[in-house]
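In this chain, residues are counted from 1 in sequence order. Below, all heavy atoms of this structure are taken into account, side chains as well, without hydrogens, waters or symmetry copies. Keep in mind the model is a prediction, meaning the values are calculated, not measured.
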Amino acid sequence: MGTQQFTGSPEDADVTRADSLAREIFSDIANKWALLIIECLGDGTLRFSELRDGVEGISHKMLTQNLRMLERNGLVERTVYPTVPPRVEYTLTEPGQGLRATIDGMCAWTHRYLGDIEASRQSFDA
């Protein structure tokens, strides 16, 4: 699957507009669970239980909701194998891998500035 050129209106791509498609997508993916799921899937294909174990603190319901949203947005591919019981696996698509690169940058930023942020919080809270 290759990258497709956006064919909608410029307004649809403007994240600052409340009614834009870009804002809707941004809102979907800019939550802690989606980011953590994508980061967890970045190392390869995982089953639901492996994802739940990999994203500490996520409930079954939140994992299900976020996986459906990520699949709807084309960031995660869900594969069901016809076994008893059914085996379901999740993997990142090409756009999902692209987003993971951005998330990796956010993780690196967090590691780099964690001490600064902690000091600022302590100063602010004092």
Side-chain angles (χ1 to χ4, degrees):
M1 171 165 61
T3 302
Q4 296 180 12
Q5 181 66 35
F6 176 68
T7 58
S9 70
E11 293 81 18
D12 283 339
D14 185 353
V15 295
T16 63
R17 291 179 51 107
D19 63 344
S20 73
L21 177 59
R23 169 86 65 98
E24 181 183 334
I25 295 166
F26 191 78
S27 177
D28 279 351
I29 62 172
N31 77 70
K32 69 178 178 181
W33 297 126
L35 297 176
L36 293 171
I37 291 166
I38 291 168
E39 183 64 18
C40 193
L41 279 173
D43 293 328
T45 300
L46 296 173
R47 295 179 72 173
F48 186 91
S49 60
E50 294 170 320
L51 271 170
R52 192 177 57 229
D53 293 343
V55 181
E56 188 174 315
I58 195 168
S59 69
H60 186 282
K61 178 181 177 181
M62 287 307 299
L63 181 55
T64 299
Q65 287 176 349
N66 276 274
L67 284 169
R68 286 180 182 159
M69 174 274 297
L70 292 168
E71 184 181 8
R72 178 177 184 255
N73 283 307
L75 302 173
V76 169
E77 182 178 344
R78 178 177 182 261
T79 305
V80 180
Y81 295 93
T83 60
V84 178
R87 189 174 96 225
V88 181
E89 294 180 340
Y90 298 89
T91 190
L92 292 179
T93 61
E94 182 181 336
Q97 288 288 352
L99 181 56
R100 185 184 183 227
T102 299
I103 294 169
D104 286 346
M106 291 171 62
C107 290
W109 175 88
T110 302
H111 288 121
R112 179 174 180 183
Y113 293 106
L114 193 61
D116 296 303
I117 294 166
E118 183 179 34
S120 180
R121 286 180 169 194
Q122 288 174 354
S123 175
F124 184 88
D125 293 342

field: Path from Tyr81 to Tyr90 over hydrophobic side-chain contacts below 4.5 Å
entry: no
message: Hydrophobic cluster membership, with links at side-chain heavy-atom distances under 4.5 Å among I/L/V/M/F/W/Y: are Val15 and Met69 in one?
response: no
field: Separation between NZ of Lys32 and CE of Met62, rounded to the nearest 0.5 Å
entry: 8.5 Å
- prompt: Quick check: does any side chain N or O of Thr64 sit under 3.5 Å from a backbone N or O of His60, one acting as donor and the other as acceptor?
  reply: yes
query: Ion pair present between Arg87 and Glu89, side-chain N to carboxylate O less than 4.0 angstrom?
result: yes
query: To the nearest 0.5 Å, what is the distance between OG (Ser123) and CZ (Arg121)?
result: 13.0 Å
- prompt: Could you state the interatomic distance from CG (Leu75) to CD (Glu94), rounded to the nearest 0.5 Å?
  reply: 11.5 Å
task: Following the transitive rule for hydrophobic clusters with a side-chain heavy-atom cut-off under 4.5 Å over Ile, Leu, Val, Met, Phe, Trp and Tyr, establish whether Leu46 and Ile37 coincide in one cluster.
output: yes
message: Before you tell me yes or no, could you show the steps for Thr45 and Thr79 under side-chain contact (heavy atoms from CB on, under 4.5 Å), namely the whole-Å CA-CA distance, both residues' side-chain angles and the distance that decides it to 0.1 Å?
response: CA-CA 10 Å; Thr45 300; Thr79 305; over 6 Å; no
- line: Sequence neighbours excluded, the answer for side-chain contact (heavy atoms from CB on, under 4.5 Å) partners of Glu71 is Arg78
- prompt: If two hydrophobic side chains count as joined below 4.5 Å and joins carry through other members, does Ile29 share a cluster with Trp109?
  reply: no
task: Start with the C-alpha distance between Leu63 and Trp33, add both sets of side-chain angles, then the distance that settles side-chain contact (heavy atoms from CB on, under 4.5 Å), and finish with yes or no.
output: CA-CA 8 Å; Leu63 181 55; Trp33 297 126; over 6 Å; no
- prompt: CD1 of Ile58 to CG of Leu67: how many Å apart, nearest 0.5 Å?
  reply: 7.5 Å
query: Is the shortest side-chain N to carboxylate O distance from Arg100 to Asp43 below 4.0 Å?
result: yes
- request: Quick one: which residue pairs count as a side chain to side chain donor-acceptor pair (under 3.5 Å) with a foot in residues 17-31, not counting sequence neighbours?
  value: Arg17-Asp19, Asp28-Asn73, Asn31-Asn66
field: Test applied, side-chain contact (heavy atoms from CB on, under 4.5 Å); reference residue, Leu41; option that passes from Val76, Thr91, Leu70
entry: Val76
- request: Quick one: pull up CD1 in Ile117 and CZ in Arg112 and give me the separation to the nearest 0.5 Å.
  value: 11.5 Å
- request: Heavy atoms only: give me the nearest Gly74-Pro95 pair and the separation to one decimal.
  value: O-CG, 3.9 Å
message: Donor-acceptor check, side chain of Gln122 to backbone of Ala119, threshold 3.5 angstrom: yes or no?
response: no
message: Working to the nearest 0.5 angstrom, can you tell me the gap between Glu39 CD and Leu92 CG?
response: 9.5 Å
All side-chain contact (heavy atoms from CB on, under 4.5 Å) counterparts of Leu35, not counting sequence neighbours: Ile103, Met106
